[in-house]
Number of protein chains: 2
Amino acid sequence: MQRQDKKTRLQVIRMIVSSQAIESQEELLVEMDKAGFPCTQTTLSRDLKQLRISKVRSRGGRNVYAMPREGQFQPVPTHEEIKKSRWSLGENGSLMVIHTPPGHASMVAYDLDALRSPLLLGTIAGDDTILVVLAPGADAAEARSLIKDTVPGLKSN
Amino acid sequence: MQRQDKKTRLQVIRMIVSSQAIESQEELLVEMDKAGFPCTQTTLSRDLKQLRISKVRSRGGRNVYAMPREGQFQPVPTHEEIKKSRWSLGENGSLMVIHTPPGHASMVAYDLDALRSPLLLGTIAGDDTILVVLAPGADAAEARSLIKDTVPGLKSN
DNA sequence: CTTTTTATTGTCTATTTATGCAGAACAAAG
DNA sequence: CTTTGTTCTGCATAAATAGACAATAAAAAG
């Protein structure tokens, strides 16, 4: 059993996975071969586990491997104020951006949508971010206060 | 073949998945049974796909189902040039749209969020598209170069 | 109502991923 | 050098997930 440089192999995997849409370990196997790092599906399974790389659903119904969102390689450098409160509200013209703790965005967006306020055209929620689109001609200050009244986390901001 | 309420079943799945650590479809199957929504592994496989719920790696080396990180964001229709390269950056006033290979958007968006740059108000990630909202008065050119420096795939663009 | 089309679901099976086990490489002691 | 323990790897196989197909139900069209 020839032993190869595992550290390098892991790097190669990261490189491949983050630069192309890999849909299976067999597919990755081929790429590893091309890259000059032949191995087996078994090894890739274990490497991917160690790298915390998982398959995520893409829109076309495809499943592709993707790097972990919280990589073990990049501790999040948080701002102090942001650390304190994970809630924030920013605006730019007819758009507002609300930051929430991870996972809370869609819930909050739902509450905002439920208002059915003529001031708000609509919302788009990510994991921890909401984009609020104001209605044309809507008063930004008015909208801001409406949002703050609706979203408890923003009260103090 | 009795037909049950699919909409409700999907809701139940979402509830279960987001409230407990489900490690396999068989396990989910049991929970669905308990919840009064018996079905088969096949159905769960399809439902999870439709809900875009995927398995992610947890720290303890376990694999757990998790809700998708993005909400109902509709990817922007792609232009011809954009299709050519899988990475692209477009802008329109205070908005920038980044296209990535499928499944990579949330990872990139995470990196951008982690910058905590005053230039960027926030990001919303779809599957292969990221919407970046610039801060009011932010210099678009400056933001563009910041983004290019942060996202390796955009280097050549 | 009858016919046609579309959607939903299960069974059976293929595909994909993970694991038990064993052998070899390496490292640390003795 | 020899022994002992650890890490890495592949093979064979188990476990988990997805897909083809068929059956039935619901909806739409006539």
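Just so we're on the same page: letters track the sequence lines, and every chain starts at 1. Basis for what follows: all heavy atoms, side chains included, without hydrogens, waters or symmetry-related copies.
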Please report, to 0.1 Å, the donor-acceptor pairs under 3.5 Å made by any side chain of residues 33-42 of chain A, with sequence neighbours excluded.
residue, atom, partner, partner atom, Å
A/Lys34, NZ, A/Glu31, OE2, 3.3
A/Thr40, OG1, A/Thr43, N, 3.4
A/Thr40, OG1, A/Thr43, OG1, 3.4
A/Gln41, NE2, A/Gln25, OE1, 2.9

Which residues within residues 24-43 of chain A lie with some heavy atom under 4.0 Å of an atom in DNA chain D?
A/Cys39, A/Thr40, A/Thr42, A/Thr43

Among residues at least two apart in sequence or on other chains, which ones pass side chain to side chain contact (heavy atoms under 4.5 Å, CB included) with B/Val56?
A/Ser54, B/Ala66

Please identify each residue that fulfils salt bridge (Lys or Arg N to Asp or Glu O under 4.0 Å) with A/Arg46, with sequence neighbours left out.
none

Counting only side-chain nitrogens and oxygens, does B/Arg57 get under 4.0 Å of the OP1 or OP2 atom of C/dA18?
yes

With sequence neighbours excluded, give me every salt bridge (charged side-chain N to carboxylate O under 4.0 Å, His left out) pair touching residues 132-144 of chain A.
A/Glu91-A/Arg144

Contacts of type salt bridge (Lys or Arg N to Asp or Glu O under 4.0 Å), residue B/Glu23, not counting sequence neighbours:
B/Arg62

Residues in salt bridge (Lys or Arg N to Asp or Glu O under 4.0 Å) with B/Lys7, at least two apart?
none

Distance check needed: C/dC26 P versus A/Lys7 NZ, whole Å only.
15 Å

Under the side chain to side chain contact (heavy atoms under 4.5 Å, CB included) test, residues paired with A/Lys6 that sit two or more places apart
A/Arg9, A/Leu10, A/Asp47, A/Gln50

Between its two end axes (five pairs each) the helix from C/dC1-D/dG30 to C/dG30-D/dC1 turns, nearest 10 degrees, through 30°

Under 4.0 Å from OP1 or OP2 of D/dT17: is there any side-chain N or O of B/Arg46 that close?
no

At 4.0 Å (heavy atoms only), tell me whether B/Lys55 reaches a base, stays on the sugar-phosphate, or touches nothing.
sugar-phosphate

